Amino acid sequence: MKFRPLHDRVVVRRLESEERTKGGIIIPDTAKEKPQEGEVVAVGPGRKTEEGKVVPVDLKKGDRVLIGKYSGTDVKLDGVEYVILREDDVLGVLAQQK
């Protein structure tokens, strides 16, 4: 992907949700909701303050994040769907389990 977001925007690839419920029921594609979990693919340099200083983005490439269902702008680049959103629209970073 040759795309660089500007300012405090991040590019997130939504991670696929489970195809079955805990009870074993298979969920069809038409009934699935948009996944709220995603992986950061690209990060902008940060936003500029009124004084001209750049405030860097706290996120980095590879972070697993939680985003709102309807936040951001859905785009398709090289056949893959991504969401472009501001850093403020990210709800949180998911901790890696070890």
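We're numbering straight along the sequence, starting at 1. Everything numeric in this text was worked out from a predicted model, so none of it was measured.
Between the CG atom in Asp8 and the CD atom in Glu87 there is a gap of 6.0 Å [rounded to 0.5 Å]. Going from atom CD1 of Ile84 over to atom CG of Asp89 covers 12.5 Å, rounded to the nearest 0.5 Å.
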Evaluation steps, side-chain contact (heavy atoms from CB on, under 4.5 Å), between Val83 and Arg14: CA-CA 7 Å; Val83 180; Arg14 290 187 191 264; 3.4 Å; yes
Check against side-chain contact (heavy atoms from CB on, under 4.5 Å), Leu85 and Arg9: CA-CA 5 Å; Leu85 53 131; Arg9 289 186 170 72; over 6 Å; no
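Using a 4.5 Å cut-off between side-chain heavy atoms of Ile, Leu, Val, Met, Phe, Trp and Tyr, Leu91 falls into a hydrophobic cluster with Leu66.
For the pair Val12 and Tyr82, the minimum side-chain heavy-atom distance is 4.5 Å or more. Asp74 places none of its side-chain heavy atoms less than 4.5 Å from the side chain of Glu81. Side-chain contact between Val11 and Val40 is absent, with no heavy-atom pair separated by less than 4.5 Å. Counting heavy atoms from C-beta outward, Phe3 and Val41 have side chains that stay 4.5 Å or more apart.
At a threshold of 4.5 Å between side-chain heavy atoms, the hydrophobic network of Ile, Leu, Val, Met, Phe, Trp and Tyr places Leu6 and Val10 in two separate groups. Note on Val55: it does not cluster hydrophobically with Val57, by side-chain heavy-atom contacts below 4.5 Å among ILVMFWY residues.
Evaluation of the salt bridge (Lys or Arg N to Asp or Glu O under 4.0 Å) test over residues 48-62, restricted to residues two or more places apart or in two chains, returns Lys60-Asp63.
A search for side chain to side chain donor-acceptor pair (under 3.5 Å) contacts involving Arg4 returns nothing, not counting sequence neighbours.
Heavy atoms only, all atoms of each residue included: Val43 and Pro5 are closest at C-CG, 3.6 Å.
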